[in-house]
Amino acid sequence: MKEARASFESYATSRLAEEASCDRVAAPVTIDSLVETLEVYLDEKQIGRVRAAYDYAARAHEGQFRRTGHSYITHPLAVANILAGMRMDHQSLMAALLHDVIEDAEVGKKTLRRKFGAEVAEIVDGVSKLTTIFNSRAEAQAENFQKMAIAMAKDLRVILVKLADRLHNMRTIGVMPIDKRRRIARETLEFYAPIANRLGIHTIKVEIEDLGFKALYPLRADRIGRAVANARGNRKALMEEIDQSIATALRREGIDAQVVGREKHLYSIYQKMKTQRKPFNEIMDVFGFRIVTDRVDACYRVLGVVHNLYKPVAGRFKDYIAIPKANGYQSLHTTLFGMHGVPIEVQIRTRQMNATADNGIAGHWLYKSDDSTYAGPQARARQWVSDLLDLQQRAGSSLEFIESLKINLFPDEVYVFSPRGEIYELPRGACAVDFAYAVHTDVGNTCVACRIDRDLAPLSSQLQSGQTVEIITSKEARPNPDWLSFAVSSKARTAVRHALKSQKRSQSIALGRRLLNRSLGNANTSVKDLDFRRLRKVFKEFGVRRLNDLLEEIGMGNYMAYVVAQRLLAEGNPDYDAVSVERGGPVAIRGSEGLVISYGKCCYPVPGDPVVGHMSSGKGFVVHIETCNNMTEIRRRTPNEIIPARWSESMQGEYVAALRLEVERQQGVIAELASTVNQEDAGIEHIKVDERTSRLSSVLIELLVRDRTHLARVMRRLRVLPNTHNISRIIK
Ligand code: MN
């Protein structure tokens with residue numbers, strides 16, 4: 001079996017190499033046949049420029065050959081031809097012809113600028129910079145994307161030339177040694193195909209996916225290819241029958257439209273089998289048709305006709321005309337029960353939408369300055385690129401960047417409604433926090449709970465299309481770092497990060513100042529009284545430049561205030577007798593003062609609880625309930641790191657407290673619980689239900705309360721519920 005496989009692979013390999021080397025694939029055009037194509041849409045002067053670029057490139061690559069055995073210039077010609085097929089402008093074609101001269105013929109960018117102008121030189125330079133060694137490590141991938149985003153931000157044509165380059169290289173990949181073939185194929189599937197998709201260039205996306213699939217998994221591709229060919233024969237009669245009945249129905253209504261049958265490409269069949277775990281036959285059982293008309297209103301009339309002809313499947317209709325996809329794609333999608341119950345998938349769109357669906361941003365390149373309505377896909381692409389740059393700048397790490405990018409690249413949206421009926425488009429997997437930020441950054445920053453279709457739900461609930469989402473905000477609320485574990489939209493993630501960062505810094509500085517003042521106070525001085533010009537040396541010692549940086553470090557718990565105070569007092573004062581600086585009285589925890597304070601995740605202190613705190617590097621002053629087990633541990637190891645604390649009188653805000661309780665397993669219990677909590681004006685941050693016995697469930701609730709009295713009131717109310725037992729507050 002193993003041997004059979006090996007021999008099949010070597011057979012497949014030699015066949016791939018053979019196909020890749022034939023003239024039709026490796027060297028499909030000459031400059032004269034390319035010019036013939038150009039004469040259809042470019043003027044004489046522009047064609048002259050393209051010819052000049054060709055002459056220059058041909059000379060530069062003189063004597064170089066490709067693995068297929070053809071002279072090198074056949075490759076840039078083929079790339080230019082692909083772009084000509086998409087009706088790209090003359091500068092893109094010149095850049096395509098010249099795209100390898102920097103890399104392979106050592107021509108400088110300056111020379112190109114002088115001979116062919118700055119724009120062409122920039123595109124060629126951008127394409128050359130994208131020639132990276134791909135590495136599937138996340139960091140390397142992030143770097144590739146960054147390079148691409150920067151190049152694209154300068155000129156979107158860079159990526160179009162690069163995609164055409166990649167397409168031709170994939171057509172001839174069969175001649176590459178196996179390692180290189182796999183690496184390039186994987187890079188194509190993971191990197192270039194999603195980009196082509198994101199830019200809406202469907203034709204290139206489909207072709208490079210199938211080529212990549214064949215190169216990476218020759219055996220699987222071959223098997224699926226054969227199965228498709230077989231199925232085609234069986235399907236033919238039925239396809240024709242459906243085609244005819246739709247066409248006839250349309251004619252009867254006097255609608256001028258074109259009906260074409262569609263076939264899924266190999267890679268998409270493979271993906272469906274893999275991700276949806278569907279057998280091949282089930283995927284092939286679906287019959288796809290596209291109906292193309294001339295006007296938008298005709299699309300909706302066509303929809304009416306097909307829904308009249310066959311029964312539509314409920315819930316499968318999608319109106320991407322009213323709400324285009326992120327890459328600009330527009331179409332109506334519906335699924336019908338055909339004769340004998342076969343599912344028929346129908347796409348309905350205008351000719352222009354069809355062109356956009358095929359070529360995306362490339363489709364209307366030449367019209368860009370003439371007519372603003374054609375700028376749609378390009379404007380979207382520019383927006384995407386600038387989002388991308390934004391994202392990489394703000395992302396916490398390359399892993400974070402790649403994660404956001406994945407969502408960004410596969411924008412399958414969900415649509416949800418605000419209580420007022422406004423529609424919002426969110427990435428798949430989005431939760432209530434994403435929605436809150438989509439409404440407004442302020443709403444996101446202050447959200448505490450939500451209702452989904454009127455029921456209270458955790459902020460982390462994933463949203464489904466069609467739901468109505470209401471966000472409950474509280475003025476005192478702040479973004480929670482935990483949100484980063486479920487928010488998916490880049491807007492939400494960026495905003496949370498940003499809010500946390502700025503909140504942290506100003507709060508740390510304030511806390512640092514307080515702590516330092518307290519320590520200095522024992523020597524009857526304060527931050528204000530120190531001559532900081534004389535103390536630069538001390539700053540340097542602590543690795544900071546300005547006072548605020550030093551205070552922030554103290555506030556974050558990276559330096560102990562009394563250590564810094566002693567150092568500051570001793571500087572330039574040889575007589576200074578280092579008295580031990582006693583720690584002052586308890587820190588008052590006051591929300592309004594903006595200290596960098598976090599609360600122990602173990603004991604969830606709320607105002608009114610007896611508390612202590614300790615400085616924790618990166619978290620600032622962490623407050624715990626005095627009796628928390630974690631404190632006992634710290635008290636044992638480093639007793640003098642524990643700082644007594646008390647709540648300030650004017651304490652305001654909402655605090656998380658955790659309750660554990662048991663409920664009887666019957667319908668409506670959780671809802672009753674939630675509404676009781678709600679009636680007491682407390683919020684639910686999180687509910688987790690674990691099965692305990694067949695009769696009882698154990699429930700963990702994280703509540704938002706104002707203080708200990710408020711919490712006690714909520715607990716009292718819960719205790720009287722008939723189906724609820726053993727309520728206790730969680731303090732580890
Ligand atoms: Mn190339």
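Indexing begins at 1, ligand by ligand and atom by atom, following the structure's order. Below, all heavy atoms of this structure are taken into account, side chains as well, without hydrogens, waters or symmetry copies.
For R51 and D32, the salt-bridge test passes: some basic side-chain N is under 4.0 Å from an acidic carboxylate O. With respect to R235 and E263, no salt bridge is recorded, no charged nitrogen being found less than 4.0 Å from a carboxylate O.
Applying the side-chain contact (heavy atoms from CB on, under 4.5 Å) rule to P177 yields the partners R67, K180; only residues at least two apart in sequence or on another chain are considered.
The line from CD of Q347 to OG1 of T334 is 11.5 Å long, rounded to the nearest 0.5 Å.
Legend: ring-ring contact (aromatic ring centres under 6.0 Å, His included) pairs involving residues 99-123, not counting sequence neighbours, sorted by first then second residue: Y56-F116, H75-H99. Contacts classified as side chain to side chain donor-acceptor pair (under 3.5 Å) and involving residues 199-208 (residues at least two apart or in different chains) are given here: R171-E207, T203-N359.
Protein atoms of type N, O or S found under 2.8 Å from the Mn ion (ligand 1) total 4.
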